[in-house]
Structure formats: C-alpha cells, structure tokens
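Every heavy atom of this structure was used, including side-chain atoms; hydrogens, water molecules and symmetry mates were not.
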Amino acid sequence: MPPKIGGKKIYLPNFTVALLRTPHLPANYAQFLVPLSLNKLDMRDYLHHAYNVEALAVRSFITQQKIERHKPGFQGTRWYRPRSIKKMTVELRRPFVYPAEPEDLTPWDNALHKALKKERDEGAKVFGPAKYKYAKPGRGDMRELAETVVEEREVEVEKDVKLP
C-alpha cells in the first residue's frame with residue numbers, strides 16, 4: 001500500500017526550503033537545505049502542495065558543525081558548536097533539470113556582493129572570533145626588520161671580538 005500523501009495542509013509555511021545544485025546526483029534526485037524541525041512527511045507534503053511534485057522517497061541527514069572559538073574575552077575563551085545543518089534528498093517521480101546558471105550577473109549587482117564579501121573576510125581576519133588564526137598585517141615587515149638587526153649585530157660582533 002503506497003504511503004498516503006497530501007494529508008497535511010500547508011497554508012503559509014514559516015520555514016525556508018532551499019534547493020541545492022547537486023550535479024553529482026542523478027536527474028530524478030533533488031537535494032534541499034531544510035530547518036531541523038522539518039521531517040520527511042512534512043517535506044513530501046510541502047512538495048506535493050506547493051509545487052505539485054511527487055516524491056517517491058525522502059532521505060534526511062543532519063551534519064554536525066565543527067566547534068569554533070568564540071570571542072576570547074577577559075574570562076577565558078568560550079567554545080561553542082554552531083547549529084547543525086539538515087539536508088534532505090528527495091527521489092522524484094519525474095526527472096528535474098536545473099536551469100542554466102546565468103552568465104551575466106549584473107542585474108543582481110554581483111560586483112557589490114564580491115566587494116562586500118572581500119571586506120567582511122578581511123575584517124574577520126582582524127576583528128573576528130578567528131583572528132588568532134591569521135597573522136596581523138605588518139607582521140612580515142617586523143620579521144624583515146628583525147633579520148636585518150640580527151645580521152648587523154653579527155657583523156658588529158665580528159669586528160669587536162679580538163682573538164688572543
């Protein structure tokens with residue numbers, strides 16, 4: 001007896017389901033990024049009611065995130081684990097072909113997004129919780145200065161030392 005679908009009505013969902021581009025999966029499979037509270041039956045009903053898509057099978061898995069260091073402060077370092085990520089792979093009755101990726105991204109102001117991302121990444125290296133991972137700017141100049149000082153001392157020591 002096939003599973004009963006479409007029993008749960010969805011009016012205005014208060015969650016976000018994101019379709020992931022997965023070229024490694026066959027055409028009759030689609031993968032989604034979903035909230036942790038969404039189960040397989042909800043996903044099947046959501047696809048049925050919102051998009052009129054029949055799902056043969058739904059597989060879900062939760063990926064645990066790595067532990068991160070959070071803002072070292074006066075009372076020591078706090079470690080935390082970011083929220084887990086849940087993905088669902090759905091086997092579809094009919095194959096799904098992804099639309100082609102657009103060549104021209106100017107309508108979405110891609111240059112601004114790239115500049116903002118670059119600025120955020122540079123700021124995270126200096127001010128973010130992972131700032132201890134990156135060398136501070138100007139650190140290479142200090143190394144060169146230290147090497148020249150050491151070289152000068154060696155030369156001075158050779159001139160001043162008299163052997164008996």
Side-chain angles (χ1 to χ4, degrees), residues 1-140:
M1 182 162 152
K4 193 174 181 181
I5 61 169
K8 187 174 183 178
K9 293 183 179 180
I10 297 176
Y11 296 101
L12 288 173
N14 59 352
F15 54 84
T16 304
V17 175
L19 176 65
L20 301 176
R21 199 175 278 271
T22 51
H24 62 280
L25 290 177
N28 61 334
Y29 284 88
Q31 195 170 48
F32 299 92
L33 191 64
V34 298
L36 291 171
S37 60
L38 195 74
N39 61 30
K40 295 178 182 184
L41 300 175
D42 291 340
M43 183 66 178
R44 187 186 304 243
D45 283 347
Y46 174 75
L47 291 174
H48 176 73
H49 287 295
Y51 300 105
N52 198 19
V53 172
E54 284 187 55
L56 299 177
V58 180
R59 296 185 188 124
S60 66
F61 58 96
I62 298 174
T63 306
Q64 193 175 21
Q65 298 296 306
K66 294 181 179 180
I67 295 176
E68 292 182 5
R69 190 174 184 174
H70 188 280
K71 296 180 185 174
F74 296 106
Q75 299 177 358
T77 304
R78 287 184 51 211
W79 295 86
Y80 77 104
R81 185 179 301 276
R83 187 176 205 137
S84 299
I85 295 175
K86 186 173 189 177
K87 293 181 183 177
M88 288 193 178
T89 304
V90 179
E91 184 180 359
L92 306 172
R93 184 171 295 279
R94 292 181 306 219
F96 174 76
V97 179
Y98 289 96
E101 290 187 33
E103 299 283 329
D104 183 27
L105 298 175
T106 53
W108 295 277
D109 206 4
N110 192 35
L112 176 65
H113 287 289
K114 284 184 179 180
L116 286 173
K117 183 176 178 357
K118 182 180 176 186
E119 186 70 28
R120 285 187 193 122
D121 290 345
E122 289 174 0
K125 287 181 182 179
V126 177
F127 301 110
K131 67 181 177 183
Y132 65 93
K133 291 182 182 178
Y134 305 103
K136 294 182 179 175
R139 189 69 190 222

Is there a side-chain contact between [X] and [Y] in this structure, where contact means two heavy atoms from C-beta onward sitting under 4.5 Å apart?
{"X": "Tyr46", "Y": "Tyr51", "result": "yes"}
{"X": "Val53", "Y": "Phe96", "result": "no"}
{"X": "Leu47", "Y": "Val90", "result": "yes"}
{"X": "Glu122", "Y": "Glu119", "result": "yes"}
{"X": "Pro102", "Y": "Trp108", "result": "yes"}
{"X": "Ile62", "Y": "Leu36", "result": "yes"}
{"X": "Phe32", "Y": "Lys86", "result": "no"}
{"X": "Gln31", "Y": "Leu25", "result": "yes"}

What distance do Asn28 atom CG and Leu56 atom CG have between them, rounded to the nearest 0.5 Å? 8.0 Å

Tell me whether Arg83 at atom CZ has more than 12 heavy atoms from other residues, nucleotides or ligands lying less than 6.0 Å away. no

Mind running side chain to side chain contact (heavy atoms under 4.5 Å, CB included) on His24 and Tyr29 for me, showing each step along the way? CA-CA 10 Å; His24 62 280; Tyr29 284 88; over 6 Å; no

Can you pull out every side-chain hydrogen bond (donor to acceptor under 3.5 Å, both in side chains) where at least one residue sits in residues 94-104? Sequence neighbours excluded, please. Thr22-Tyr98, Asp104-Thr106

Check side chain to side chain contact (heavy atoms under 4.5 Å, CB included) between Gln64 and all other residues, then give those that pass, not counting sequence neighbours. Arg81, Ser84

Atom of Met43, atom of Leu38 and distance for their closest heavy-atom approach: SD-CD2, 3.9 Å

Taking all non-hydrogen atoms of both residues, which atom of Gln65 and which atom of Ile85 are closest, and how far apart? NE2-CD1, 3.1 Å

Side-chain donor or acceptor of Arg44 paired with backbone N/O of Ala55 under 3.5 Å: yes

